[in-house]
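Okay, so here's the structure we're looking at.
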Amino acid sequence: MANLKRNSELTMRRLAGALAIGVAVILVALYWADRLHRLAVGASLVGTSLILEAQPAAVAAVALGFPPLSGAAISILANLAPLPFIWIGLDELLPRWPWAARKVLRARATAERYGRYGVLVFIPLAPFFGAYASIAIGHSLGFRPSSTFWATFAAMVWSVVAITYGGDWVAHLFVR
């Protein structure tokens, strides 16, 4: 019984840490939008990034007239907020669901064929899967959390920067 209580307390501390990280990242994104005197529009951009991922938020940032770097940064920051929850949630759920554990073992066996690429496979694919799915896939395949995060983050940065700067360039072609 004491072990169950200790595990429950550890889970609650991990969830509290994930919540603190998520809130802090969102507050930084909102602060960035406030520095541009666009807090209300920045809040909608944060919501778009949380719900739809960073790439659609980058398109919205261009449409809302954010400077490319600021739009990219706000989209990326907001998209980072749920990642700790996803990781902790998978840590808690997978051991409790035997059918999910069997599926994960089968996926890991299939992924071993591509093991030489490791998390680098997320750099070109994560913009299409999304950060949330990439983190879940990386966790399920047994990749180290830090490696999965950095590969997903790199993918998010290159795709969002390309969208915001490319979209800004295209918008300026047609607005003049």
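Just so you know, these numbers use all the heavy atoms, side chains as well, and skip hydrogens, waters and symmetry mates. Worth saying up front: this structure is predicted, and the values here are computed from it rather than measured.
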same_hphob_cluster([X], [Y]) at 4.5 Å side-chain heavy-atom cutoff:
X: Val28; Y: Ile76; answer: yes
X: Ile135; Y: Leu77; answer: yes
X: Val160; Y: Tyr165; answer: yes
X: Leu69; Y: Met156; answer: yes
X: Phe85; Y: Ile51; answer: no

Taking all non-hydrogen atoms of both residues, which atom of [X] and which atom of [Y] are closest, and how far apart?
X: Val161; Y: Thr164; result: O-OG1, 3.2 Å
X: Ala151; Y: Val119; result: CB-O, 3.3 Å
X: Val25; Y: Ala78; result: CG1-N, 4.4 Å

Flag the pair [X] / [Y] as yes when at least one side-chain heavy-atom distance between them is below 4.5 Å, and no otherwise.
X: Leu39; Y: Leu30; value: yes
X: Asp168; Y: Phe66; value: no
X: Leu45; Y: Ser75; value: yes

All pairs passing salt bridge (charged side-chain N to carboxylate O under 4.0 Å, His left out) where residues 80-95 contributes a residue, at least two apart: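 Every pair satisfying salt bridge (charged side-chain N to carboxylate O under 4.0 Å, His left out) with a residue in residues 80-95: Arg14-Asp91, Arg14-Glu92, Glu92-Arg96.
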For a side chain to side chain contact (heavy atoms under 4.5 Å, CB included) with Ile26, tell me which candidate from Leu50, Ile74, Ile21 qualifies.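 Testing each of Leu50, Ile74, Ile21 against Ile26, the sole residue satisfying side chain to side chain contact (heavy atoms under 4.5 Å, CB included) is Leu50.
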Inset, instruction - Going by the side chain to side chain contact (heavy atoms under 4.5 Å, CB included) test, name the single residue among Val104, Leu90, Ile86, Thr148 that passes it with His139. - result: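 Single pass found, and it is Leu90.
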Exercise for review: May I ask you to check whether over 12 heavy atoms, not counting those of Phe129, lie within 6.0 Å of atom CZ?
Suggested key: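 No, not enclosed.
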Nearest 0.5 Å, please: how far is CG in Leu15 from CD1 in Ile88?
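Reported to 0.5 Å precision, the distance equals 5.5 Å.
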Can you tell me how far OH of Tyr132 sits from CD1 of Ile137, rounded to the nearest 0.5 angstrom?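 Nearest 0.5 Å value for the CD1-OH distance: 14.5 Å.
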Hey, mind stepping through Phe143 and Phe122 against side chain to side chain contact (heavy atoms under 4.5 Å, CB included) and telling me if it holds? CA-CA 11 Å; Phe143 292 128; Phe122 290 120; 3.8 Å; yes
- Query: Quick check: does any side chain N or O of Trp158 sit under 3.5 Å from a backbone N or O of Ile123, one acting as donor and the other as acceptor?
  - Reply: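 The answer is yes, because a donor-acceptor pair under 3.5 Å joins these two groups.
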Of all pairs that satisfy side-chain hydrogen bond (donor to acceptor under 3.5 Å, both in side chains), the ones with a partner from residues 33-61, not counting sequence neighbours |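 Qualifying pairs, neighbours excluded: Glu53-Asn79, Gln55-Ser159.
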If you apply the rule side chain to side chain contact (heavy atoms under 4.5 Å, CB included), what do you find for Phe153 with Leu80, and how did you get there?
CA-CA 8 Å; Phe153 182 73; Leu80 292 175; 3.9 Å; yes
Look at the rings of Trp99 and Trp97 and say which category their plane angle falls in: under 30° parallel, 30 to 60° tilted, over 60° perpendicular.
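Trp99 and Trp97: parallel rings.
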